[in-house]
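So you know, we letter chains A, B, ... as the sequences are listed, proteins then strands, and number each from 1. If you're wondering where the values come from, they're calculated on a predicted model, not measured in any experiment. Reckoned from all heavy atoms, side chains included, excluding hydrogens, waters and symmetry mates.
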Amino acid sequence: MADAALANGASEEERVAHGVEIRNLYKIFGPNGAEMVEKVKGGMSKTELNEKHNHVLGLNDINISMPGGQIQVVMGLSGSGKSTLIRHINRLIDPTAGEVLYGDQDVCAMNAKELREFRRHKTAMVFQKFALLPHRTVIENTVYGLEIQGVNRRTARKAAARWIARVGLEGFEDHYPNQLSGGMQQRVGLARALTNDADILLMDEAFSALDPLIRVDMQSVLLDLQAELRKTIVFITHDLDEALRLGDRIAILRDGAVIQQGTGQEIVLRPADEYISNFVQEVNRARVIFVDTIMDRGEIVEGAPELRQRMLLEDAAKLFAETGQDRANVLDKTGRPIGSVSLQSTISAMVTPNTH
Amino acid sequence: MDWIEFPSLGRRDLRDLRLTIDGAFREFTRAYGPTLERAFEPLEDFLVWLEHLLIESPWPLVLIGIVGIVFLLSRNVRIAAGATLALLAIGYFGMWEDTMRTIAVVTVCTMVAVIIGIPIGIAMARSDRMQGIINPILDLMQTMPSFVYLIPVVMIFGLGKVPGVIAVVVYAIPPMIRLTNLGIRLVDPAVLEAADAFGSSSFQKLSKVQLPLALPTIMAGINQCIMMSLAMVVVASMIGVKGLGQPVLQAINNQYFTMGVMNGLAIVAIAIIFDRATQAYGKRLQKHSEVIHG
């Protein structure tokens, strides 16, 4: 048994999780959504659609390519359509038009049975309000996904117990959800999703209901797990700090449309419009921007102190303060210098520009 | 001044109408009565068997059995002790046999109501149209004076146990159906969404999520069903159901005050025992669904 589990773990590392490709996705709420798509394509606004035709524009021409094995954050304020979007990936909500591709399968074209199999084996979801089954204990909640798949009880319990321990809930297996704190309940939610061993992990504002400290704690748990599991994670949040901390890629949604997507660095340094730059202003840039983002590539100074790729501006500033130098080389993963940053450029990147 | 008269059907037409309907029903009774009676034979056999079991077994065993069930349901020593005292008093005042008959009838009626009521309740919860059709029927069953539907039942089955059971079930089943429906509809949509997200089939959703979470409400339905069955015992005795109802009926007819009160109190006693036991059980089921800490 243990050998089998080990073998599983080994093959997991080699296998790269498939990405998810969202193409031209529209969702219009109302009785004649399909007819309204053409109007929206013709440029009708959300307000106009609502006033003239009494339909609500949920998602407007979404195109996101979510890379396999990475964390894709979808960020937006309430009403921006982010929760609607994530529910299209496992089709808890049916689209009005468009495609959601997993490998070469279109989730939107699956029949009921295929969709059920897809949900059972390829996706797992964590919810904002936990959505645990109140009549089941922690372990019974955690085995739910496997139980639905028809995995035998002993195997399922063994897998569940492993994940419960992994999220730090050992000893709480036989507690009921209402005996746990919010943070612990969401750990159960996470364990339940992980036990499914699915490629895609959908997290709908999973940490938004938690206290700030516990939230940061859970983010670390997720990053630790991801370093090991390399799943395709879609993470919904309204919090830019959370988005920047977790996201390999970030898409920002407003009124049902994507207004910018890219890495956190790109969004912080080059916000696409005023709406985003307002957001970005509040961010502590020293703790977000990497030295290699602002370095002068190829310009290497003999004898300068050294920084590593993926270090933050804060680390660079600390180094400058300690050494009294005004230029430092940046090394890549192998330790080879690839460029350098100056004190001047570090400071100007840390300061929030006044104009967009 | 003709228009002052209400434009009603003539007396002769009215009589013809009644005769036609009555005639048609009588014919239906003659044609299908025996078949229907035969269909209900297993139910009657079961009721007779249960009655015998309760009456013929030595009373201490029966007492222990009933109190045991009450304790298992309630996990409460006081309720079990109260049940023991009440049953001993009932036996002491010579009402043991009638009480056992009544308990047998109420048990069978509740079982029938559960077996029929829960599936109907589930069907109602799954479709709004179904709810729209069934709700008015339940209203009718609850408000129609019970004597009125005793007429066709007696015409088909005559006097006896089966028509009694049918009459009681018709009266007692609506809360069972309504509360099953309500319980399923009240299940948190977020939890259902989670069940969907993990790929539950609709049967898995029903059996693993909806029914378990609706169980406390369904238990309240069973409790109501038992209470209403007990309330019907006296009416059912008019069509030949033996038990505590018959002495009450006799007491009404002959103005035997003490006899009426004693048998009435016996009905009250078993009602309270059943009520406390099932309510305590329902509460126990609910324990984990309450208060979610933030």
Between [X] and [Y], is there a side-chain N and carboxylate O pair less than 4.0 Å apart?
X	Y	answer
B:Asp196	B:Lys205	yes
A:Arg87	B:Glu193	yes
A:Asp106	A:Arg91	no

Legend entry - Residues in residues 166-187 of chain B near chain A [non-hydrogen atoms, under 4.5 Å]: none
Inset, instruction - Using a heavy-atom cutoff of under 4.5 Å, enumerate the residues of residues 116-127 of chain B that contact chain A, numbered in order, or state 'none'. - result: none
Legend entry - Audit row: A:Lys82, A:His238, side-chain contact (heavy atoms from CB on, under 4.5 Å) steps and yes/no: CA-CA 9 Å; A:Lys82 56 193 191 303; A:His238 60 250; 4.1 Å; yes
Legend entry - Region of A:Leu132 that comes under 4.5 Å of a non-hydrogen atom in chain B: backbone
Legend entry - salt bridge (Lys or Arg N to Asp or Glu O under 4.0 Å) partners of residues 145-157 of chain A, not counting sequence neighbours, each pair once: A:Arg136-A:Glu147, A:Glu147-B:Lys208
Inset, instruction - Return the option, out of B:Ala195, B:Ser200, B:Ala190, with the maximum number of heavy-atom pairs under 4.5 Å with chain A. - result: B:Ser200
Inset, instruction - State, to 0.1 Å, how close B:Ile103 and B:Phe274 come at their nearest heavy-atom pair, and which atoms those are. - result: CG2-CZ, 4.1 Å
Legend entry - Which of A:His121, A:Arg116, A:Lys129 touches chain B most, by non-hydrogen pairs under 4.5 Å: A:Arg116
Side-chain donor/acceptor of [X] to backbone N/O of [Y], under 3.5 Å:
X	Y	result
B:Glu44	B:Val162	no
A:Glu21	A:Ile64	no
A:Asn141	A:Leu133	yes

Inset, instruction - Taking atom CG of A:Leu213 as the centre, report whether more than 12 heavy atoms of other residues, nucleotides or ligands fall under 6.0 Å from it. - result: no
Determine all donor-acceptor pairs shorter than 3.5 Å in which one atom belongs to a side chain in residues 64-75 of chain B; sequence neighbours excluded.
unit_1: B:Ser74; atom_1: OG; unit_2: B:Val70; atom_2: O; d: 2.9
unit_1: B:Ser74; atom_1: OG; unit_2: B:Asn76; atom_2: N; d: 3.3
unit_1: B:Arg75; atom_1: NE; unit_2: B:Leu72; atom_2: O; d: 3.4

Inset, instruction - Examine whether an atom of B:Asp188 lies under 4.5 Å from a heavy atom of chain A, and if so say whether it belongs to the side chain, the backbone or both; otherwise answer neither. - result: neither
